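Indexing begins at 1, ligand by ligand and atom by atom, following the structure's order. Being a predicted model, the structure only gives us computed values, none of them experimental.
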Amino acid sequence: MKILVINAGSSSLKYQLINVEQSEVVAKGICERIGIGGSKLTYKPIGRDKYEFSQEMNDHTDAIRMVLDALADAKIGVVSSMKEIDAVGHRVVHGGERFSKSVLITEELIEEIDKLSVLAPLHNPANLMGIRACRAIMPEVPMVAVFDTAFHQTMSPEVFLYGLPYEAYADFMIRRYGFHGTSHLYVSRRAIEKLGMPVEQTKVITCHLGNGSSIAAVKGGKSVDTTMGLTPLEGLPMGTRCGDIDPALVTYMMRRMNFDCEQMDEYMNKKSGVFGISGVSSDFRDLDDAAAAGNARAKLAVDMFCYRVKKYIGAYAAAMSGVDAIVFTAGVGENDRVVRERSLRGLEYLGVDVDFELNETCPRGAEVELSKPGSKVKVYMIPTDEEMVIARDTAALAGK
Ligand code: ADP
C-alpha cells in the first residue's frame, strides 16, 4: 500500500509517500510559506534529484494539489496517477483523553479534533487545514488521524494530574497529556527489540531532543510518564521554550513587565529556553560552536539543558524502579555528541557504561549502541521515524 503522510502546520506542510510493505519512503518534501506569500514546494523523489517550485499557495488545498501534481507528474513523478495513493495519514498534535489510538477520519472526528483545539490552539487547527484540504481534493481516499498524545494515554492519574483542585481536571480537562508520542513509541519499540527481553519486563527511557524536547519513561512497552504536560511547554528547556518553571513567576512577571496573556505566552514559548539563556541561538549547532569559541552563556545554556536531561533520566529510573535502556533521538539526540556525553556522564551509579569514543565518532543516521558491551544499562542512538509509524497505522486502519 502507498500511504501519503501529511504533517500540516499553519503555514507549512511536510509530506512523505511511503510504500508500507517495503517500509520504504518513495518521495518526500515540504510546502513552505502557505498563505503568506513567497510559497515554495520542495519535492524529492528518493534516489533522484531534488526539485524546488516557487508558486503561490493561497491555502492548504493549493499545497496538497501541488504535492499531488508533483507525485503524479509524467516526468518527475513516482506514481502514474493519484489513484495509486491508497490512504492518507495525518499527524494530529492533540487527541486529548478521547484518543489513545489512531482512528479513521470522519466528519464527526473532524468535529472532535476541532473541539480539542482549545488544548492546542497553534497545532490542531493547522492539522485540520491539512485534513480538510485532502478531503476536498481526494474525497474517496480513506484517511487516518495519528495523535501525538495517544501513546501517553497509558499514564495513570497520580502521574497525569496537577496539584490543582480536582475540578480543574473534571471541568476543564486540565491534566498532563505529553507529546512526541509517535516518536517515543517508535524508538522505544526499536530499543525493546534490541534488548531482546520480554516486553513486559522492559524499562526504557526515551530522550526525544530536538527543537522541542521531551523524555518519556516506557515500562513494559507503555508510557508511564513524560516531561511535557497540558501543553508542549512543560519539562526540559527547549530551543525557545522555558520548560519547567515555578508557576508563580508567571503572574509575577506579568505584573513586573506589564505583560498581557499573549505577551507572557510569547515570552515563555518564543524567547526562552537555550535561546533565551544564551542570547545566541535556539540551534544546538550554533550553541556548541559559540561555547567552543568561549561564549560563556552559550556554554551555560547547553549545561543547563544537559543537567535537566540527566535529572529526568534519574527521576524516571526511580519512577520505574530501574532502567534497561536509555535512547537518544531527534535532531539534537541523533547529532549532538556534546549533549549526549554531558547528559550521560555521572550516570555510572545506575549501571550506565558509555563508550565515549564511539559517541564522538558514531555515524549519523544509523542506529548505534553507545554503551560498552558489559554495560548493565544499554544506551542507544536511534533515528526516529514518526512518518513510518503514521504510515503503518494508516495502512492497518484503512486496509480494513
Ligand atoms: P523539531 O522539534 O523541529 O522536529 P528536530 O528534531 O528536527 O526538531 O531538531 C532540530 C534541532 O536539532 C535543531 O534546532 C538543532 O538544534 C539540532 N541539530 C540538528 N543537527 C544538528 C547537529 N549536526 N549538531 C547539533 N545539533 C543539531
Side-chain angles (χ1 to χ4, degrees), residues 5-16 25 28-30 32 42 91-93 120 122-123 126-127 146 148-149 178-187 206-216 226-228 231-243 269-293 295 298-299 301-306 308-309 327-344 359-366 368 370 381-390:
V5 175
I6 301 284
N7 182 355
S10 55
S11 64
S12 72
L13 185 146
K14 290 188 203 151
Y15 65 92
Q16 285 195 7
V25 180
K28 63 180 182 178
I30 182 168
E32 291 167 285
T42 308
R91 175 189 183 210
V92 179
V93 166
L122 300 178
H123 294 104
N127 303 153
V146 180
D148 258 29
T149 48
F179 298 86
H180 296 139
T182 317
S183 175
H184 289 295
L185 170 105
Y186 177 82
V187 298
T206 47
C207 307
H208 177 109
L209 312 178
N211 196 25
S213 297
S214 68
I215 301 184
T226 189
T227 54
M228 283 180 168
T231 74
L233 187 57
E234 195 179 337
L236 300 167
M238 309 177 207
T240 60
R241 290 176 234 165
C242 60
N269 278 291
K270 302 263 165 71
K271 306 219 161 125
S272 300
V274 291
F275 166 73
I277 295 289
S278 67
V280 171
S281 171
S282 62
D283 192 307
F284 278 75
R285 285 165 286 204
D286 302 336
L287 295 174
D288 290 338
D289 290 348
N295 184 313
K299 180 176 177 304
V302 177
D303 286 348
M304 245 183 89
F305 182 80
C306 299
R308 293 268 196 106
V309 172
V327 184
F328 286 85
T329 193
V332 179
E334 290 167 33
N335 295 302
D336 196 321
R337 55 204 159 75
V338 179
V339 167
R340 285 196 307 256
E341 172 164 352
R342 296 228 187 113
S343 307
L344 288 163
N359 180 58
E360 283 290 312
T361 55
C362 77
R364 290 173 180 166
V368 182
L370 294 170
M381 195 267 277
I382 300 179
T384 194
D385 199 344
E386 291 156 283
E387 288 79 10
M388 196 57 74
V389 176
I390 296 175

**Item:** Flag for Asn269-Arg241: side-chain donor and acceptor within less than 3.5 Å
**Value:** no
**Message:** Exactly one of Val389, Thr206, Thr384 should register a side chain to side chain contact (heavy atoms under 4.5 Å, CB included) with Leu185. Which one does?
**Reply:** Val389
**Request:** May I ask whether Arg364 places a heavy atom under 4.0 Å from ligand 1?
**Result:** yes
**Item:** For Ala8 against Asn127, the heavy-atom pair lying closest together
**Value:** O-ND2, 2.9 Å
**Message:** Could you identify the single nearest non-hydrogen protein atom to atom 23 (N) of ligand 1 and state the distance to 0.1 Å?
**Reply:** Asn335 CB, 3.5 Å
**Prompt:** Tell me, which protein residue and heavy-atom name are nearest atom 15 (C) of ligand 1, and how many Å apart are they?
**Reply:** Asp283 OD1, 3.3 Å
**Prompt:** When rounded to the nearest 0.5 angstrom, what is the spacing between CZ in Phe284 and OG in Ser213?
**Reply:** 6.0 Å
**Message:** Using a plain distance cutoff, I'd like to know if Phe284 has any nitrogen or oxygen under 3.5 Å from a nitrogen or oxygen of ligand 1.
**Reply:** yes
**Prompt:** Any idea which heavy atoms bring Gly210 and Val332 closest together, and the distance?
**Reply:** O-CG2, 3.8 Å
**Prompt:** With only distance considered, is Gly212 within less than 3.5 Å of ligand 1 through an N or O on each side?
**Reply:** yes
**Message:** Under 4.0 Å from atom 8 (O) of ligand 1, can you find at least one protein heavy atom?
**Reply:** yes
**Numbered atoms of ligand 1 (with element) below 4.0 Å of Val332, judged on heavy atoms** = 12 (O), 16 (O), 17 (C)
**Message:** Arg340 vs Asn359, test: side-chain hydrogen bond (donor to acceptor under 3.5 Å, both in side chains). Steps then yes/no.
**Reply:** CA-CA 8 Å; Arg340 285 196 307 256; Asn359 180 58; 2.7 Å; yes
**Asked** Mind checking whether Leu209 has an N or O less than 3.5 Å away from an N or O of ligand 1?
**Response** no
**Prompt:** Looking only at N/O atoms, are Asp288 and ligand 1 under 3.5 Å apart anywhere?
**Reply:** no
**Message:** Within the 3.5 Å criterion, strictly below it, is a donor on Ser214 or His208 matched to an acceptor on the partner's side chain?
**Reply:** no
**Prompt:** Which residue from Met238, His180, Lys14, Arg285 reaches closest to atom 20 (N) of ligand 1 through any of its heavy atoms?
**Reply:** Arg285
**Prompt:** Out of curiosity, Thr182 OG1 to Met388 CE, how far, rounded to the nearest 0.5 Å?
**Reply:** 13.5 Å
**Request:** Consider only side-chain N and O atoms of Glu32 and Ser12, and report whether a donor and an acceptor are under 3.5 Å apart.
**Result:** no
**Asked** Which residue and non-hydrogen atom of the protein lie closest to atom 18 (N) of ligand 1, and at what distance in Å?
**Response** Gly331 O, 3.6 Å
**Nearest neighbour in protein (non-hydrogen) for atom 10 (C) of ligand 1** = Asn211 N, 3.8 Å
**Request:** Number the atoms of ligand 1 from 1 as they appear, then name those within less than 4.0 Å of a heavy atom of Asp336, with their elements.
**Result:** 25 (C)
